[in-house]
Structures are given as structure tokens and as C-alpha cells.
Undergrad: 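After the C-alpha cells below, expect a handful of questions from me.
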Amino acid sequence: MARKPTHQSADRLGYSGNADPAYLQQQINSLQGLVQSLCQAQAVENLMINGVEKWSEVLAPLRDLGPKRRKMPDDTKKILRAVHESLGRPDYSKWSLGSKPNPLQSGEYSA
Amino acid sequence: MIPQLVQRLGGRDTDALTVLSADPFDLILHMEQVWDAANPDIVSFGRQNLWNLGRFAPNAPVPDGTAPAWDHLGYGYALENTRVVQIFRRVVREYRMGEGLGIPSPETQQWLNTSEALLFGAANPIASWQSTSLVRPDSEAVRRNAYWRLFGLDLAFGGDDNNAPVYDKANAANVTFVGLFEELLFELWQAMTNERNTSGVNNADDDRIYRLAEQLRFILSSRRQANMLKREELAAATALGWADLTLRLDSPLVVDLRAQATSPGDRLRMIGERVGLPAHSKSAAFFSMAADLSVFLRTIESGAVAGPELAWILYVAKDSGDTGQEIGNESRRVITEWSAATGKDLKSRGKPVEVSRTRLMAVQ
């Protein structure tokens, strides 16, 4: 035998005389899903209306969490250029397998 | 010093052969010029006039005192681990003491003269910067001492007879170098793999890279106060540069020993087999890494990475950077080859690199 509703909210839910807890839980879950999908639609709609740029501004502070760089100062460029130039060496790959024959074997070189 | 001289001559293989066939006295005079260029405050007119008599005097580096025109000691360490010096010692001995290796050509005999002067202390009008004397007569022991002090590392092998090496092991040594260095390489690899990461978790940590680089610079500089180890570094760069150049092409020695190949590692392996002393099994990795390791360590020591905001200098590739001075290419090569040489996978790990392991793999 079905139980009577205990308060008015049951009427608003379209109470049809079934107060089974499992049935009520199913109704609540259904409503929760509806609200969630509405919220997501609102977020997408918001993004479409306001554009990505506004969201970029909102999220800008998060960029500080990433690595920050600055351009290489002139004195640093000078230091690194000196390192590279002082250690310059030939391109050996053109020697061992290169385009020209070995000068020893071709007779180009003589002591 | 030797590869840089070839580059200043034009960088061709014929220039390499010009250097390989040079008189040892010319090379030693040039060595003095390179030393003076890196120490412009020390002026001696008599010495400078003497140095200018050499064949390579017009090719001397421009004196500026900021970056010496020879490779970092790390270059010498990497190449010496191939065992090239000990193998060449046996080659010289075999050629000088008999005809077991055949009759050397005139070019090879010239190479023997220079090798004995640059590597093994033969008498010359001016003694080369071998950093040796009656107090420390063995140049290999001097280099081992320098490697120990600067990197806290020994070579991966003993003496020529495989006995434990005998040299003065200084108390003041950078025994933390390997731990810091490998930690830095790991962080650099993380930054490289995240360089183009626009979504997802970014593991690049510029602040840590900076701190590790700074710490490395501190410990390296602490061994170099008042130009300490500078002369030893030039001696090592010259000796190993000579050996390096000999194996970079089918030089007269390589041809005479019938060790023609397409890579220095293979040439060394075959020469080692001729004289009964095997080269390091990871020689290819050492040859491939040596020059880039030199640039990498020089950059660290230069102090160019002056803050976390400049850590990118160490991992951005040269062709994708905005100045062309970044050393990402060199760093990548060092990471790959150091991993191959040591057997440690620096590209992926679940815990920090083992700091206590200071030795490279033994010769196999």
C-alpha cells in the first residue's frame, strides 16, 4: 500500500502516490543531470558571447606559473660569441665521408 | 688548440694534413702564442718576437683574455677515456724500437717526431707546455691529477699494464661534480621535451636549471682561482687535440697502419688491435661528445646563465633561438653521449640521479 506524501514539495515534483526512496533518488539524479547540462551550456554560451580574449585575461595570472624568459642581454651575447669563436673547429663530417676524395690517396697532398 | 688551429687555417682536410705534417717546433711556438693570447696582461717582447718566427704565427688567435682558444679540460677527459694516448704510446714505441708495424712513411715519421714532442716529452728547443718537470715527470699522471681535481673523476682504466694508476690525488677535488652535472642534464632534457609544449603539464624548471648551473660554475671556479689548472688544461687540450686530429681522417699514420675507416672510433679500435691494447668500447660516444662537452662546460663557467630567466640558453636549439648563440644543440649531444658512455639513462628516471657513483664504466 502506497504511503501519503509528507510535505508539499512532493506535489511539486508531480507526486503520483509513489514515495519509494529509490524512485525519489532517481528523480533527484535526473534533475541534477538537467542542472549540470544547463550550467555547461551556459559556460559555452558565455565563451561564445564574450570571446576567448576575455577568458585569456581572466586566466592571465596563471601564466606566471610557467617559466619566464627574457631576451639575451648584449654582454651575454658577447660572452657566448667569444666561447663559440674560441672553440671553432672544422666540420669533420665533410672529411671522413665527404664529397672530395682523400687527398692522400688522390696524390693532392705531399709532405 | 689543434682543431682550432686547423679551423683558422681554413678548416679543410688539407689543412689538417698541413698541421699533421708540421715540425713540432712550429707547433710548440704556436702553442706559446695561444697561451699568450689568453693571458694578454703578461707582456714579454722577447718571447713574443720568438713566437712570431713560427710557421703558424699569422694564424694566432686574437688576444682578448675572455675565452681561451683551446678546449676545456672536459674535452681532454672525454677523449683520454678512449685510451688513445696509451695506444699511441705503444704505436710510437713499436715504430721506434723495431719494424713490427712495418716501415713508416716519411709523413708518419714526421708524425712520430711531433707526437713524441707534444705527448711524450721529447727534447725540443723549447719544452712544450706539458706541465711536467722532475717533480711530476709523467704527463698522463699530471692530466689524471687535473681531472680528479676539476671533476672528481678518474679515467676508466689503469696504466698501460692495467695496474692501478699512480698519481697525486689532491684533497681539494670536485667530488660532487658528477651528481650536479647529471642532474643538470636531466633537467635540461625535461626542458627540451617541453620546449614546444603548449598544453598539458610542463616539467621544465628554469629555476632549478639555473641553480644547478650556478652550483657547477661555483665548484669549477673554485679549482681555477688565480688561473690554477690553466696551463695543465692547455697541455691536455694540445695532447688530446693532436690525437683527435690524427684519427679524424685517414691520416698518414692511419694509412700506414691499415686502419682506414669512416669514424675516429673505428680507426682507434683497429690501431688498438694492431698494438694489442683495446680501445674503450664506448669510444664512439666519447669522440662524438668531446667537442660539445667543451662548449657546454665553457658556457657554464662563463657565467652566461646569470639567472633563471636566461636558463633557456642551455636548452634552446641554435637554429630556433633568436641570437644564434644558444647551446641547445651541444647540450642535447652531451646528454645523449654521456648516457651512452656511462650507461645511465638521463632522459627518464623515477628518482634523482645517483650522486655517489663517480666512475665511468670500466673498459670492456
Side-chain angles (χ1 to χ4, degrees), chain A residues 39-40 43-48 50-111, chain B residues 3-4 6-8 10-18 21 38 61 64 66-72 75 105-107 110 191 202 204-207 248-252 255 260-264 291 294-295 298-299 302-313 321-323 325-327:
Chain A
C39 287
Q40 285 175 349
V44 173
E45 186 183 4
N46 194 325
L47 189 64
M48 292 177 73
N50 296 315
V52 178
E53 289 182 5
K54 187 180 177 184
W55 278 95
S56 299
E57 292 173 13
V58 173
L59 296 174
L62 296 178
R63 286 197 206 107
D64 289 340
L65 298 175
K68 286 184 288 187
R69 296 181 180 179
R70 73 178 161 102
K71 296 191 77 172
M72 200 185 293
D74 287 341
D75 55 342
T76 306
K77 285 181 193 170
K78 188 178 172 186
I79 291 170
L80 290 176
R81 192 175 298 119
V83 168
H84 284 293
E85 288 178 0
S86 67
L87 297 179
R89 63 186 65 242
D91 185 358
Y92 298 124
S93 63
K94 292 179 180 173
W95 292 3
S96 54
L97 301 170
S99 55
K100 59 179 295 186
N102 188 320
L104 280 175
Q105 291 160 353
S106 65
E108 182 181 329
Y109 165 75
S110 61
Chain B
Q4 287 76 32
V6 175
Q7 179 65 6
R8 286 194 293 274
R12 298 159 300 184
D13 42 10
T14 48
D15 299 314
L17 291 169
T18 300
S21 63
D64 64 356
T66 55
W70 64 78
D71 279 300
H72 194 274
Y75 168 84
S105 65
E107 294 89 348
Q110 185 63 42
N202 189 331
D205 190 344
D206 279 356
D207 194 56
R248 285 292 173 180
L249 76 170
D250 288 339
S251 62
V255 173
Q260 291 99 323
T262 54
S263 71
S294 180
V295 173
R298 276 270 188 264
T299 302
S302 72
V305 183
E309 66 278 5
L310 288 174
W312 58 272
I313 289 172
D322 45 313
T323 68
Q325 304 297 335
E326 302 83 2
I327 64 161

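Just the heavy atoms: all of them, side chains too, but no hydrogens, waters or symmetry mates, feed the values below. Throughout, protein chains are lettered first and strands after them, A, B, ... in sequence-line order, and every chain is numbered starting at 1. The structure displayed is predicted, hence computed values, not measured ones.
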Undergrad: So which heavy atom on B/Gly11 is nearest to which on A/Pro90, and how close?
TA: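 Here B/Gly11 and A/Pro90 meet closest at O-CB, 3.5 Å.
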Undergrad: Any donor and acceptor pair, going by atom type alone, linking the side chain of B/Trp312 with main-chain N or O of A/Arg70 inside 3.5 Å?
TA: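 Confirmed, B/Trp312 side chain pairs with A/Arg70 backbone.
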Undergrad: If you compare all heavy atoms of B/Ala67 against all heavy atoms of A/Ala82, which two are closest, and at what distance to 0.1 Å?
TA: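 Reported closest heavy-atom pair: CB-O, 3.8 Å.
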Undergrad: Is B/Pro308 close to chain A through its backbone or its side chain, or both, or neither, when contacts mean heavy atoms under 4.5 Å?
TA: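 Just its backbone gets close to chain A.
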Undergrad: Over all heavy atoms of both residues, which pair between A/Arg69 and B/Asp206 is shortest? Give the atoms and the distance, please.
TA: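 Taking every non-hydrogen atom into account, CG-OD2, 4.4 Å.
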Undergrad: Would you indicate whether the side-chain heavy atoms of B/Gln325 and A/Ile79 approach each other to under 4.5 Å?
TA: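 Sidechains of B/Gln325 and A/Ile79: no contact.
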Undergrad: Rounded to the nearest 0.5 Å, how far apart are CG of B/Leu249 and OH of A/Tyr92?
TA: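 It is 10.0 Å, given to the nearest 0.5 Å.
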Undergrad: How many angstroms lie between atom CG of A/Leu80 and atom CZ of B/Arg298, to the nearest 0.5 angstrom?
TA: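 Those atoms lie 13.5 Å apart.
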Undergrad: Are the side chains of B/Val6 and A/Arg89 in contact, using a 4.5 Å heavy-atom criterion?
TA: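 Heavy-atom side-chain distance check fails, nothing below 4.5 Å.
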Undergrad: Supply the atom-to-atom distance B/Glu309 CD to A/Met72 CE, rounded to the nearest 0.5 angstrom.
TA: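 Here the rounded value is 12.5 Å.
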Undergrad: Give, for atom NZ of A/Lys77 and atom CD1 of B/Ile313, the distance between the pair rounded to the nearest 0.5 Å.
TA: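 The CD1 atom of B/Ile313 is 10.5 Å from NZ of A/Lys77, to the nearest 0.5 Å.
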Undergrad: If every non-hydrogen atom of A/Leu87 is compared with every non-hydrogen atom of B/Gln4, which pair is closest and at what distance?
TA: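 Closest approach of A/Leu87 to B/Gln4: O-NE2, 3.5 Å.
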